[in-house]
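None of these values were measured; they are calculated from a predicted model. Chain letters run A, B, ... following the sequence lines, proteins first, then strands; residues in each count from 1.
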Protein chains: 2
Amino acid sequence: MAAPLKSIPPAPADLRRDPPDVRPVEGTEADEELATLAKALGHPARVRIMRLLVRREACICGDIVDELPLAQSTVSQHLKVLKEAGLIRGDIDGPRVCYCVEPRTLRRLKALVGSL
Amino acid sequence: MAAPLKSIPPAPADLRRDPPDVRPVEGTEADEELATLAKALGHPARVRIMRLLVRREACICGDIVDELPLAQSTVSQHLKVLKEAGLIRGDIDGPRVCYCVEPRTLRRLKALVGSL
DNA sequence: CCGGCTTATCGCATGATGACGATGAACAGG
DNA sequence: CCTGTTCATCGTCATCATGCGATAAGCCGG
């Protein structure tokens with residue numbers, strides 16, 4: 001229940017980004033969505049990658065590869081899985097690729113898990 | 001290492017359930033834990049089962065089977081996956097088995113996802 | 001103790017996943 | 001233009017996941 005809120009103070013940039021997610025957190029659609037996101041997170045290397053990106057300790061693909069005890073091609077595969085699930089995004093920056101988390105999807109994941 | 005604990009005041013019933021989880025929400029251990037839990041949730045049928053159990057719409061294995069469009073043996077496999085991940089528990093009740101969520105693990109999952 | 005009910009497990013087929021090295025594609029610098 | 005760097009993709013192999021029917025195992029009512 002929201003308070004009357006007469007004049008909304010200017011939201012900080014972090015909250016102004018994108019509109020709230022109105023999709024339901026349960027039902028068949030939500031179940032499959034949660035399953036897809038959970039599956040994408042269902043590997044230690046991918047969890048690790050997510051953490052690196054969240055804390056911005058790495059962003060460039062090469063740096064991520066350096067942080068993991070895996071071959072470059074394997075890391076690329078994991079990045080692909082995370083990207084296909086919508087959890088991360090890859091921006092091409094010259095010869096490099098800068099990966100970063102997709103905050104919207106991450107919030108969605110938290111909402112879905114929270115609904116359990 | 002237990003504290004000296006002279007006289008602990010009687011905790012209210014809600015808090016007496018189980019002790020708070022003191023394990024860290026990040027680090028290699030946590031990464032693997034999150035990966036394991038996420039992997040267990042990484043299938044629509046298992047998400048569905050979790051929801052059924054959380055809302056207590058079903059508890060007996062047979063009822064769960066009736067709710068899913070899958071063979072009994074397949075459902076049993078999914079229940080096994082969830083149980084091995086520690087997300088649910090199965091209490092034998094005569095010839096039946098009553099499954100229910102393991103609140104502690106579910107809270108742990110939420111904490112781990114929340115740490116992202 | 002027998003037969004029926006409920007659940008778990010086995011065995012198997014099929015497809016997905018995870019790992020790697022090798023190769024390809026795109027770009028920046030000379 | 002080459003050349004090196006960076007990343008994605010391919011091919012391959014081993015392993016795991018998912019589904020099912022069939023069968024085993026445990027319990028309750030006669």
Side-chain angles (χ1 to χ4, degrees), chain A residues 28 31-53 56-102, chain B residues 28 31-50 52-53 57-102:
Chain A
T28 306
D31 287 356
E32 293 190 7
E33 201 185 350
L34 175 50
T36 298
L37 294 175
K39 192 172 178 179
L41 263 189
H43 192 287
R46 293 196 287 267
V47 171
R48 183 93 179 278
I49 291 172
M50 285 301 290
R51 286 206 202 276
L52 288 173
L53 295 183
R56 299 196 196 288
E57 289 174 357
C59 175
I60 303 300
C61 177
D63 296 345
I64 300 172
V65 171
D66 292 342
E67 291 288 330
L68 298 178
L70 294 171
Q72 177 265 325
S73 59
T74 305
V75 173
S76 197
Q77 287 281 4
H78 286 305
L79 288 168
K80 185 181 181 184
V81 171
L82 289 172
K83 194 161 65 174
E84 283 176 351
L87 281 167
I88 67 174
R89 190 163 47 96
D91 301 315
I92 297 176
D93 174 30
R96 282 177 269 265
V97 178
C98 177
Y99 285 98
C100 55
V101 303
E102 200 76 81
Chain B
T28 305
D31 287 356
E32 294 190 5
E33 202 184 350
L34 175 50
T36 299
L37 293 175
K39 192 172 179 181
L41 263 189
H43 192 289
R46 293 196 285 268
V47 171
R48 183 94 178 277
I49 291 172
M50 286 300 291
L52 288 173
L53 295 182
E57 289 174 356
C59 175
I60 304 300
C61 176
D63 297 345
I64 299 173
V65 171
D66 292 343
E67 291 288 330
L68 298 178
L70 295 170
Q72 178 266 326
S73 60
T74 304
V75 173
S76 195
Q77 286 282 3
H78 285 306
L79 288 167
K80 185 181 180 182
V81 171
L82 289 172
K83 194 161 64 174
E84 284 177 351
L87 282 167
I88 66 174
R89 189 164 47 97
D91 300 315
I92 298 176
D93 175 29
R96 282 177 271 265
V97 177
C98 177
Y99 284 99
C100 56
V101 303
E102 200 76 80

Please report the distance, rounded to the nearest Å, between CD1 in A/Ile88 and P in D/dC7.
13 Å
Given C/dT17, is OP1 or OP2 found less than 4.0 Å from the side-chain N or O atoms of A/His78?
no
What parts of residues 31-39 of chain B reach DNA chain D, counting only heavy atoms under 4.0 Å away?
B/Lys39
Distance check, rounded to the nearest 0.5 Å: A/Leu53 atom CG versus A/Cys98 atom SG?
8.5 Å
Pairs touching residues 83-102 of chain A that satisfy ring-ring contact (aromatic ring centres under 6.0 Å, His included), sequence neighbours left out:
none
Using the side chain to side chain donor-acceptor pair (under 3.5 Å) criterion, which residues pair with A/Arg51? Sequence neighbours excluded.
B/Asp31, B/Ser115
Name the atoms and distances for all side-chain donor-acceptor pairs under 3.5 Å in residues 85-95 of chain B, with sequence neighbours left out.
from    : atom 1 : to      : atom 2 : distance (Å)
B/Arg89 : NH1    : B/Asp91 : OD1    : 3.0
B/Arg89 : NH1    : B/Asp91 : OD2    : 3.2

Which residues share a side chain to side chain donor-acceptor pair (under 3.5 Å) with A/Glu33, sequence neighbours left out
A/Arg23, A/Arg108
For B/Asp63 and C/dC5, give me the distance from atom CG to atom C1', rounded to whole Å.
14 Å
Residues 57-68 of chain A side chain polar contacts: donor-acceptor under 3.5 Å, at least two apart:
from    : atom 1 : to      : atom 2 : distance (Å)
A/Glu57 : OE2    : A/Arg55 : NH1    : 2.9

To the nearest Å, give me how far apart NZ (A/Lys83) and P (D/dT9) are.
7 Å
Find the distance A/Leu68:CG to C/dC20:C1' and express it as a whole number of Å.
15 Å
Round to the nearest Å and state the distance from A/Arg96 atom CZ to D/dC7 atom C1'.
11 Å
Do you know the tightest heavy-atom contact between A/Pro44 and B/Ala35?
N-CB, 3.4 Å
Taking the side chain of B/Ile60 as its heavy atoms from C-beta onward, which of C/dC10, C/dT7, D/dA8 lies nearest to it?
C/dT7
Rounded to the Å, how far apart are B/Tyr99 OH and C/dT6 P?
15 Å
To the nearest angstrom, how far is B/Leu79 atom CG from C/dT9 atom P?
11 Å
Whole angstrom value for the distance that separates C1' of D/dT18 from CG of B/Leu70
10 Å
Point-to-point distance, once rounded to the nearest 0.5 Å, from CE of A/Met50 to CG of B/Leu34:
9.5 Å
When you check every protein heavy atom under 4.0 Å of nucleotides 21-30 of chain D, what one-letter string (B, S, -) results, 5' to 3'?
BB----SS--
Going by number, which of residues 41-49 of chain A have a non-hydrogen atom under 4.0 Å from DNA chain C?
A/His43, A/Arg46
Out of D/dT9, D/dC7, C/dA8, which nucleotide sits closest to the side chain of A/Lys80?
D/dT9
Atom pairs and distances, side-chain donor-acceptor, residues 74-84 of chain B, under 3.5 Å, sequence neighbours left out:
from    : atom 1 : to      : atom 2 : distance (Å)
B/His78 : ND1    : B/Arg46 : NH1    : 2.9

Might you list the N or O atoms of the protein lying below 3.5 Å from N or O atoms in nucleotides 13-15 of chain C, with each pair's distance?
none

Rounding to 0.5 Å, atoms NE2 (B/His43) and CD (A/Glu32) come to a distance of 10.0 Å
